[in-house]
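First the structure, which I've put down as structure tokens, then a few questions once you've had a look.
What you see is a predicted model; the values in this text were computed from it and never measured.
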Amino acid sequence: MRAQKSVYWIATGLLSALFLYSAFMYLTNTTVIEGDYQDYQYPTYLVIPMAIAKIIAIFFILYRKPKWVMEWAYAGLFFDMALASFAHYSINDPGITLPLIGIVLLLISYFFGKTVRP
């Protein structure tokens with residue numbers, strides 16, 4: 001049980017760091033991220049709301065209550081990473097690595113989190 005809890009917290013910590021870094025970049029380098037969004041053919045007005053959503057999702061994943069909000073936070077981050085992976089893949093961008101790592105960390109955090117008490 002202790003090993004599962006350690007795996008959960010390591011994966012969740014790395015996941016949190018990844019998404020908080022992403023949100024920080026969205027908020028501080030907005031024009032660069034908007035340019036990337038244009039390359040991926042995504043609407044640029046989503047940059048700031050996505051940064052805020054990432055911060056809120058990480059808060060609820062770490063807080064772990066209420067459970068249904070935590071589940072939606074995991075789902076939202078999964079879809080964010082899945083769409084980011086497809087966007088990077090569609091333009092043959094080598095930056096696909098981080099979204100794929102994010103998906104792995106998210107899945108580890110989610111499934112190992114089922115064994116950890118809130």
Side-chain angles (χ1 to χ4, degrees):
M1 187 66 157
R2 177 175 268 176
Q4 291 176 337
K5 196 172 192 178
S6 295
V7 169
Y8 166 76
W9 281 112
I10 290 168
T12 303
L14 291 172
L15 179 71
S16 298
L18 176 67
F19 275 98
L20 291 176
Y21 172 75
S22 174
F24 176 77
M25 293 302 292
Y26 276 43
L27 295 171
T28 59
N29 294 333
T30 306
T31 54
V32 173
I33 302 299
E34 285 176 345
D36 292 341
Y37 267 49
Q38 288 174 342
D39 292 343
Y40 304 136
Q41 298 180 351
Y42 286 164
T44 58
Y45 61 82
L46 291 176
V47 173
I48 299 299
M50 286 295 292
I52 294 167
K54 289 176 184 190
I55 294 167
I56 292 169
I58 289 300
F59 169 78
F60 280 106
I61 286 173
L62 292 173
Y63 187 59
R64 301 184 50 85
K65 292 179 187 173
K67 185 176 170 142
W68 67 273
V69 176
M70 181 190 70
E71 295 280 338
W72 277 102
Y74 274 113
L77 294 183
F78 177 79
F79 288 122
D80 178 54
M81 288 289 99
L83 291 173
S85 297
F86 288 127
H88 287 284
Y89 177 77
S90 71
I91 64 168
N92 296 321
D93 184 6
I96 194 171
T97 307
L98 270 178
L100 293 176
I101 290 171
I103 290 172
V104 170
L105 290 172
L106 186 127
L107 292 173
I108 292 170
S109 174
Y110 179 77
F111 288 112
F112 277 84
K114 298 278 189 189
T115 63
V116 176
R117 288 188 173 187

>> Nearest 0.5 Å, please: how far is CG in Asp80 from OG in Ser22?
In response: 6.5 Å

> Is there side-chain contact between Asp39 and Asp93, with heavy atoms separated by less than 4.5 Å?
Replying inline: no

>> Just so I know, are the side chains of Thr30 and Thr44 near enough to count as touching, which here means a heavy-atom distance under 4.5 Å?
In response: no

>> The test is side chain to side chain contact (heavy atoms under 4.5 Å, CB included); show your working for Met81 and Leu106 and say whether it passes.
In response: CA-CA 9 Å; Met81 288 289 99; Leu106 186 127; 5.5 Å; no

>> Hydrophobic clusters here meaning ILVMFWY residues chained together by side-chain heavy-atom distances under 4.5 Å, can you tell me if Phe19 and Ile108 are in one?
In response: yes

> Met70 and Arg64: which non-hydrogen atoms are nearest, and at how many Å?
Replying inline: SD-CA, 3.8 Å

>> Determine whether Tyr42 and Met50 satisfy the following criterion, side chain to side chain contact (heavy atoms under 4.5 Å, CB included), listing intermediate values before the conclusion.
In response: CA-CA 12 Å; Tyr42 286 164; Met50 286 295 292; over 6 Å; no

> Who passes ring pair (Phe, Tyr, Trp, His ring centres under 6.0 Å) against Tyr74, sequence neighbours left out?
Replying inline: Tyr110

> For the atom pair CH2 (Trp9) and CG (Leu15), what is the distance rounded to the nearest 0.5 Å?
Replying inline: 11.5 Å

> Are Leu107 and Trp72 joined in one hydrophobic group, where the rule is that I, L, V, M, F, W and Y side chains link up if heavy atoms are under 4.5 Å apart?
Replying inline: yes

> Do side-chain atoms of Thr12 reach the backbone of Tyr8 as a donor and acceptor pair under 3.5 angstrom?
Replying inline: yes

> Relative to each other, are the rings of Tyr63 and Phe59 parallel, tilted or perpendicular (30° and 60° limits)?
Replying inline: parallel

> Would Ile103 and Phe78 satisfy side chain to side chain contact (heavy atoms under 4.5 Å, CB included), going step by step from the backbone distance to the final call?
Replying inline: CA-CA 6 Å; Ile103 290 172; Phe78 177 79; 4.0 Å; yes

> Under the side chain to side chain contact (heavy atoms under 4.5 Å, CB included) criterion, do Leu100 and Val104 qualify, and how do the steps go?
Replying inline: CA-CA 6 Å; Leu100 293 176; Val104 170; 5.9 Å; no

>> If hydrophobic clusters are built from ILVMFWY residues whose side chains come within less than 4.5 Å, do Phe24 and Leu27 share one?
In response: no

> Is Phe60 reachable from Leu18 through a run of I, L, V, M, F, W or Y residues, each pair having side-chain heavy atoms under 4.5 Å apart?
Replying inline: no

>> I'd like to know if Ile52 and Tyr45 are part of one continuous hydrophobic network [Ile/Leu/Val/Met/Phe/Trp/Tyr, side-chain heavy atoms within less than 4.5 Å].
In response: no

> Rounded to the nearest 0.5 Å, how far apart are CG of Leu83 and NE2 of His88?
Replying inline: 11.0 Å

> Which distance, rounded to the nearest 0.5 Å, do you find between the CD of Glu34 and the CG of Asn29?
Replying inline: 11.0 Å

